[in-house]
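Each residue takes its place number in the sequence, starting with 1. Fair warning: this is a prediction, and the values are worked out from it, not measured in the lab. For ligands, and for the atoms within them, numbers begin at 1 and follow the listed sequence.
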Amino acid sequence: MTNTDEPQRVLVTGAARGIGRATAVRFGRDRARVAVNYPPGELEHAQRTAELVTAAGGEPYLVAADVADPAQVTAMAEAVHAEFGPLDVLVNNAGICPFADFFDIDVELWDRTHQVNLRGVFLVTQAFTRQMVEAGRGGRVVSVSSISAWVGGSQQVHYCATKAGISSLMKSLAIVLAPHGITCNAVLPGTIETDINRDDLARPGKREMFAQRIPVGRTGVPDDVAGAIWLLTRPEAGYVNGAELLVDGGMFVNLQ
Ligand SMILES: NC(=O)C1=CN([C@@H]2O[C@H](COP(=O)(O)OP(=O)(O)OC[C@H]3O[C@@H](n4cnc5c(N)ncnc54)[C@H](O)[C@@H]3O)[C@@H](O)[C@H]2O)C=CC1
Ligand SMILES: C[C@H](O)[C@@H]1OC(=O)[C@H](O)[C@@H]1O
């Protein structure tokens with residue numbers, strides 16, 4: 001983080017699609033070196049992200065890993081370090097939201113949602129900030145939480161708990177890592193049009209409900225979130241630490 005003339009070294013987890021892809025491309029526009037993480041099975045999507053990062057002016061590096069799997073995260077950390085050295089910016093974005101009624105959530109669905117969304121952030125952050133601390137160059141961690149950390153969802157009982165956990169994790173790590181020059185913050189998107197909610201938004205009445213609730217008059221797009229993540233990694237944001245930044249078009253504050 002010290003020499004702003006050097007290309008930044010960035011990892012975006014879950015960068016094969018959606019918000020992660022837009023974030024990788026946003027850093028690409030700064031000519032950053034961008035590690036594009038994807039889960040095994042999504043190589044083609046990740047390759048498309050890599051093409052877009054290159055077209056934007058960045059240098060992509062594809063790295064497969066299921067963020068829920070400790071061995072795969074360790075291998076990813078070693079591979080990225082061998083390629084880039086320590087990161088300047090870590091973006092924890094990978095996540096799943098398998099919509100389900102409360103009484104249909106079995107322990108496997110509960111555990112998988114927690115493993116990808118919350119354990120994944122823990123594993124990836126621990127592996128990469130260890131390298132950052134050893135390098136002594138400082139850095140930034142931005143994790144994609146959600147407005148769902150603050151509110152509930154009738155079909156997101158399992159998911160909302162993981163997002164509250166991510167916000168909490170960033171607050172504790174903001175204390176642990178600040179002495180090493182590393183800030184930790186959470187971005188809380190509202191409703192952003194991606195694959196994760198395509199089916200949910202197709203349900204009768206859902207779009208109309210959001211149209212009424214969101215003061216800016218539209219649902220979000222991945223670039224809305226990518227821009228907020230990027231802002232938190234700018235030198236001017238160096239005193240922002242342990243924060244939760246809503247990116248929801250004003251949906252949360254619109255009670256009546
Ligand atoms: N779309 C929305 O309205 C909102 C999304 N979010 C969060 O934003 C993040 C990104 O989601 P979207 O782009 O919306 O959805 P998406 O479904 O388009 O993208 C999810 C990404 O995570 C990756 N991924 C899934 N499981 C993984 C694993 N085990 N290991 C590595 N990568 C994995 C996928 O390959 C994909 O690139 C998630 O954490 C989600 O919870 C938060 C609030 C609202
Ligand atoms: C996937 C949902 O549409 C989305 O995820 C979130 O975290 C938001 O709360 C929305 O419900």
Exceeds 12 heavy-atom contacts within 6.0 angstrom, atom CD of E44: no
Check: I147 N/O within less than 3.5 Å of ligand 1 N/O: no
Within this structure, what is the CG-CZ distance for the pair D199 and F99, rounded to the nearest 0.5 Å? 9.0 Å
Would you say R9's side chain and A32's backbone share a donor-acceptor pair under 3.5 angstrom? no
contact_flag R198 ligand 1 heavy-atom lt 4.0 Å: no
Using only atom types and a distance under 3.5 Å, with no angle test, would you say the side chain of N197 pairs donor to acceptor with the backbone of T194? yes
Examine ligand 1 and decide if any of its atoms is less than 4.0 Å from a heavy atom belonging to S145. yes
Note: ligand 1 atoms sitting under 4.0 Å from heavy atoms of V116 are 26 (N), 29 (N)
At the 4.0 Å heavy-atom cut-off, does I147 count as touching ligand 2? yes
For ligand 2, does F210 get within less than 4.0 Å through its side chain, its backbone, both, or neither, judged by non-hydrogen atoms? neither
Between N92 and S143: side-chain donor-acceptor atoms closer than 3.5 Å: yes
Verify, without hydrogens or angle tests, whether S145 (side chain) and I166 (backbone) share a donor-acceptor contact under 3.5 angstrom. no
Has D195 got more than 12 heavy atoms of other residues, nucleotides or ligands less than 6.0 Å from its CG? yes
Please determine whether any non-hydrogen atom of H45 lies less than 4.0 Å from an atom of ligand 1. no
Report, in ascending order of atom number, the atoms of ligand 1 lying under 4.0 Å from any heavy atom of G95. 20 (C), 22 (O), 25 (C), 38 (C), 39 (O)
Which residue and atom name correspond to the protein heavy atom nearest atom 7 (C) of ligand 1, and how close is it? V144 CG1, 3.6 Å
List every atom of ligand 1 that sits less than 4.0 Å from any heavy atom of A94, numbering the atoms from 1 in the order shown and giving each element. 22 (O), 31 (C), 32 (N), 33 (C), 39 (O)
Quick test: of every protein heavy atom, which one is nearest to atom 30 (N) of ligand 1, and how far off is it to 0.1 Å? V67 N, 3.1 Å
Which ligand 1 atoms does R112 reach within 4.0 Å, using its non-hydrogen atoms? 29 (N)
Would you call D200-K206 a salt bridge at under 4.0 Å N-O? yes
Return yes if some donor-acceptor pair links the side-chain N/O of N117 with the main-chain N/O of G95 below 3.5 Å, else return no. no
Treating N185 as the side-chain partner and V142 as the backbone partner, does any N or O pair qualify as donor plus acceptor under 3.5 Å? no
Please identify which atoms of ligand 2 are closer than 4.0 Å to at least one heavy atom of I196. 1 (C)
Between T191 and T219, does any side-chain donor sit less than 3.5 Å from a side-chain acceptor? no
Under a 3.5 Å distance rule, please check whether Q131 uses its side chain to pair with a backbone N or O of A77 as donor and acceptor. yes
If we set the cut-off at 4.0 Å for heavy atoms, which region of Q156 has an atom near ligand 2: side chain, backbone, both, or neither? side chain
Answer yes or no: is there an ion pair linking R137 with D88, defined by an N-O contact shorter than 4.0 Å? yes
Within the structure, is a non-hydrogen atom of N197 found at a distance of less than 4.0 Å from ligand 1? yes
Of the listed options Q156, M76, E42, closest to atom 35 (O) of ligand 1 (non-hydrogen atoms): E42
Looking only at distances, please establish whether an N/O atom of ligand 1 is found under 3.5 Å from an N/O atom of T191. no
Only one of E42, R21, R17 passes side-chain hydrogen bond (donor to acceptor under 3.5 Å, both in side chains) with T49; say which it is. R21
Please verify whether a non-hydrogen atom of P222 lies at under 4.0 Å from ligand 1. no
Donor-acceptor pair, distance only, cut-off 3.5 Å: does the side chain of T54 make one with the backbone of A50? yes
Under 3.5 Å, side chain of D106 to main-chain N/O of L109, donor-acceptor pair present? yes
Measuring from atom 3 (O) of ligand 2, which candidate in T219, D248, N197 has the nearest non-hydrogen atom? N197
Give a yes or no answer on whether the side chain of T125 reaches the backbone of F122 with a donor-acceptor pair at less than 3.5 Å. no
If the condition is side-chain hydrogen bond (donor to acceptor under 3.5 Å, both in side chains), which residues does E59 pass it with, not counting sequence neighbours? R33
Any N or O of G20 closer than 3.5 Å to N or O of ligand 1: no
Among all protein heavy atoms, pick out the one at the shortest distance from atom 14 (O) of ligand 1; state its residue, atom name and that distance to 0.1 Å. T194 OG1, 2.7 Å
Would R140 and Q8 satisfy side chain to side chain donor-acceptor pair (under 3.5 Å), going step by step from the backbone distance to the final call? CA-CA 11 Å; R140 297 276 197 269; Q8 286 204 307; over 6 Å; no
Atom 10 (C) of ligand 2 [closest protein heavy-atom partner, distance rounded to 0.1 Å]: G190 O, 3.8 Å
Got the closest protein heavy atom to atom 36 (C) of ligand 1, with its distance? R17 NH2, 3.7 Å
If you count the atoms of ligand 2 from 1 in the order shown, which ones are under 4.0 Å from a heavy atom of S146? 6 (C), 7 (O), 8 (C), 9 (O)
What's the shortest distance from atom 9 (O) of ligand 2 to any protein heavy atom, and which residue and atom give it? S148 OG, 2.4 Å
Tell me: protein heavy atom nearest atom 4 (C) of ligand 1, and distance? G190 O, 4.1 Å
Salt bridge present between R218 and D224 (N-O < 4.0 angstrom): yes
Protein heavy atom at shortest distance from atom 5 (O) of ligand 2: Y159 OH, 3.3 Å
Ligand-side contact atoms (ligand 1) for residue partner A65, heavy atom cut-off under 4.0 Å: 30 (N), 31 (C)
If we number the atoms of ligand 1 from 1 as shown, the ones under 4.0 Å from a heavy atom of G18 are 13 (O), 18 (O)
Salt bridge or not between D66 and R112? Use side-chain N to carboxylate O under 4.0 Å. yes
If you scan protein heavy atoms around atom 41 (O) of ligand 1, the nearest is Y159 OH, 2.6 Å
Identity and separation of the nearest protein heavy atom to atom 21 (C) of ligand 1: G14 O, 3.5 Å
Tell me whether P189 reaches ligand 2 (any heavy atom closer than 4.0 angstrom to a ligand atom). no
Any N or O of I19 closer than 3.5 Å to N or O of ligand 1: yes
I192 N/O to ligand 1 N/O under 3.5 Å: yes
Could you check atom 11 (O) of ligand 1 against the protein and tell me its nearest heavy-atom contact, residue, atom and distance included? I196 CD1, 4.1 Å
Does S148 have a heavy atom less than 4.0 Å from any atom of ligand 1? no
State the atoms of ligand 1, each with its element, that fall below the 4.0 Å cut-off from a heavy-atom position in N37. 31 (C), 32 (N)
Out of V73, N93, V12, the nearest non-hydrogen contact to atom 10 (C) of ligand 1 is supplied by N93
Distance-only donor-acceptor check, side chains R207 and Q212, under 3.5 Å: no
Ligand 1 N/O within reach of Y38 N/O, cut-off under 3.5 Å: no
